[in-house]
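Structure first, commentary second.
Convention: sequence-line order gives letters A, B, ...; per-chain numbering from 1. These numbers come from a predicted model, not from an experiment.
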2 protein chains.
Amino acid sequence: MLQKLDISLIRDLPPFRDMDESALRALLMQARSQRIAKGVHIFIQGQPAREFFLLLDGHIRVVKLTPQGDQFVPRYISSGELFGIAMALGVDAYPADAVAARDCVILVWPNTLWPDLVANHPTFATNTLATVGKRLAETQLQLAELATERVEQRVANAVLKLAKQTGKKTAEGIVIDFPVSRQDISDMTGTTLHTVSRLLSAWETAGWVKSGRQKITLTDGHRLVLIAHGKERTQG
Amino acid sequence: MLQKLDISLIRDLPPFRDMDESALRALLMQARSQRIAKGVHIFIQGQPAREFFLLLDGHIRVVKLTPQGDQFVPRYISSGELFGIAMALGVDAYPADAVAARDCVILVWPNTLWPDLVANHPTFATNTLATVGKRLAETQLQLAELATERVEQRVANAVLKLAKQTGKKTAEGIVIDFPVSRQDISDMTGTTLHTVSRLLSAWETAGWVKSGRQKITLTDGHRLVLIAHGKERTQG
DNA sequence: CGAAGCCTTGATGCGCCTCAACGTACGTGG
DNA sequence: CCACGTACGTTGAGGCGCATCAAGGCTTCG
């Protein structure tokens, strides 16, 4: 079992900003902390939502399955974010799968706490609203991109987004901090792994990126930005 | 100028559910009601957000402009919905244009009221969160559709959505209640007006719809659902 | 009555999916 | 530790869906 949870874990995270210490302590008392191994599903689309979560460490892939059986990845969750807050959104089932992109640590609360939380802590409600609002804005931006841009731009955007969100500086450039396959990228951009593979190969020979098995390193991010903006095109 | 606003205008709308009458009255005192002619912009993308709005009557088109200059329509707003609540979402500029799809009546409040509103009326905060959450869910669904479905399915979906949202029963079938051009549909689905025109023509000769200038009538909605689900395909 | 906006329909081409085959790294168990 | 199976990646050939280009007809409104 785990040692006592300290409020330093969550005190400085956006969702809990401006909450007083006693409230935070009370909140942590009711939380369960849990380690999730890479590849494990935390919850599944359609499952009744009984708990909500906070990602303390790691990265989580959100996966939506369409009725036709295709899968799509609308976003990745980084540490410090709330997720699985179906209840807050007024639905009683999780709208997507949550899969650990690598080993993760999460906090888990029962949904029954939620009403109290928003009722007694207006700032928490406001913070959550802002979070959900940002996600909505992001999603709408993605929607517009998907509708108007060519595959090449969307893939460049996806890689850049991942690098911005999870990038680590190394000698060679910025490397994405968890395993990403060609398939993962294609699931984010509505294309196929083949097309992603071809693009990454082309960019590698051009010298903008280096990539290997489930690993992508940006060596010339600026160039990728140009491609993302449609101001430069990959040579066949 | 307008007569006094009565709380019956807003009492039964989702955002205000469970608010007490005195609060509603106070809220209305601070509202300005306004008529918007068809085609007029209520606000513009990027403009600083100083007010938020409630649509009392009509339909509003949300239009996003991409940096590259393409436009995209993520959704239509129906009467009874809040919109332009940028402040709630933690951003200080409107993220898209709002254009009256036909003559509309709206209520307008200054943004300065928002903090009080959520602080003093927890149910309002919860309701708003649920609204934004539903929009997020919708948007993500749309994203998945756009990523995985063929144009034909997306156009069918868009038409069905409009019909469900604004459809009026007539002798001929369900007619969409405001002027919709081919261009509008293509802006919702990330295609071109040409393709939409061809599809509607094909569906018309097949007998699923009737359509004319800025007017679409569903005569066999069930068939369209099949197309939307990819279980049936339009003949060339 | 003219102009502008909306719609239709054809011809053409290309971006990207699909299908196919093979190469390569990983990890697992004997 | 090696051998095998599995998952991931690459690259080619071919074709289709849909954008693009083009031209013309039909409303609606000033």
Side-chain angles (χ1 to χ4, degrees), chain A residues 37-39 61 68-72 99 101-102 146-156 158-159 176 178-206 209-217 227 230 232-236, chain B residues 37-39 68-72 99 101-102 146-156 158-159 176 178-206 209-217 227 230 233-236:
Chain A
K38 175 184 158 185
R61 180 173 30 250
Q68 276 118 72
D70 305 292
Q71 68 175 29
F72 180 71
V99 188
R102 59 185 180 96
L146 194 50
T148 62
E149 293 177 359
R150 277 172 302 106
V151 164
E152 186 190 353
Q153 300 176 258
R154 307 201 307 260
V155 171
V159 172
I176 293 170
F178 59 84
V180 205
S181 69
R182 309 290 184 259
Q183 174 87 53
D184 292 334
I185 304 273
S186 69
D187 285 345
M188 296 174 68
T189 51
T191 178
T192 62
L193 74 163
H194 308 279
T195 299
V196 173
S197 178
R198 282 183 238 272
L199 284 172
L200 286 178
S201 295
W203 294 345
E204 181 143 16
T205 56
V209 303
K210 272 184 171 293
S211 80
R213 186 189 179 79
Q214 302 202 103
K215 176 163 155 290
I216 300 175
T217 311
I227 290 177
E232 183 140 354
R233 298 181 61 144
T234 308
Q235 305 296 334
Chain B
K38 174 183 158 185
Q68 276 117 72
D70 306 292
Q71 68 174 30
F72 180 70
V99 189
R102 59 185 180 97
L146 194 50
T148 63
E149 293 177 359
R150 277 171 301 108
V151 163
E152 187 190 352
Q153 300 176 257
R154 307 202 307 259
V155 171
V159 172
I176 293 170
F178 58 85
V180 205
S181 70
R182 308 291 184 257
Q183 175 87 53
D184 291 334
I185 304 273
S186 69
D187 284 345
M188 299 174 67
T189 51
T191 178
T192 62
L193 74 162
H194 308 280
T195 298
V196 172
S197 179
R198 281 184 238 273
L199 284 172
L200 285 177
S201 295
W203 295 344
E204 180 143 14
T205 55
V209 304
K210 272 185 171 293
S211 79
R213 188 189 180 80
Q214 303 202 104
K215 175 162 155 292
I216 300 176
T217 311
I227 290 178
R233 299 181 60 143
T234 308
Q235 305 298 332

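Note that the CZ atom of R150(B) and the OG1 atom of T191(B) stand 12.5 Å from one another [nearest 0.5 Å]. A distance of 10.5 Å separates NZ of K215(B) from CD1 of I176(B), quoted to the nearest 0.5 Å. In this structure, L193(A) CG and R198(A) CZ are separated by 9.5 Å, a value rounded to the nearest 0.5 Å. Between atom OG of residue S181(B) and atom CD1 of residue I216(B) there is a gap of 8.5 Å, rounded to the nearest 0.5 Å. Interatomic distance, CZ of F178(A) versus CZ of R61(A), reported as 7.0 Å (0.5 Å rounding).
Rounding to whole angstrom units, NZ of residue K215(A) and C1' of dT10(D) are separated by 17 Å. In this entry the distance linking CG of L199(B) with P of dC18(D) reads 8 Å, nearest Å. Between the C1' atom of dG9(D) and the CD atom of E204(A) lies a distance of 12 Å, rounded to the nearest Å. Rounded to an integer number of Å, the gap from CG of L146(A) to C1' of dC18(D) is 15 Å. Rounded to an integer number of Å, the gap from R150(A) CZ to dA19(D) C1' is 12 Å.
When all heavy atoms of F72(B) and G190(B) are compared, the closest pair comes out as CE1-N, 4.3 Å.
For T234(B) and E152(B), the side-chain atoms include at least one donor-acceptor pair closer than 3.5 Å. No side-chain N or O of R182(A) forms a donor-acceptor pair with one of T192(A) less than 3.5 Å apart.
Using a 4.0 Å heavy-atom criterion, one finds that E152(B) contacts no nucleic acid atom at all.
Remark on DNA chain C: of its neighbouring residues R213(B) and R233(A), the 5'-side contact belongs to R213(B), judged by nearest-heavy-atom nucleotide.
Within residues 188-196 of chain A, the residues that have a heavy atom under 4.0 Å from DNA chain C are, in order of number, G190(A), T191(A), T192(A), H194(A), T195(A).
If you check distances only, the side chain of R198(A) does reach the base of dG12(D) with a donor-acceptor pair under 3.5 Å.
Side chain of R233(B) to main chain of I227(B): no donor-acceptor pair is present (N/O by atom type, distance under 3.5 Å, no hydrogens or angles).
Of all nucleotides in DNA chain C having an atom under 4.0 Å from a heavy atom of chain B, the first and last in 5' to 3' order are dG5(C) to dA11(C).
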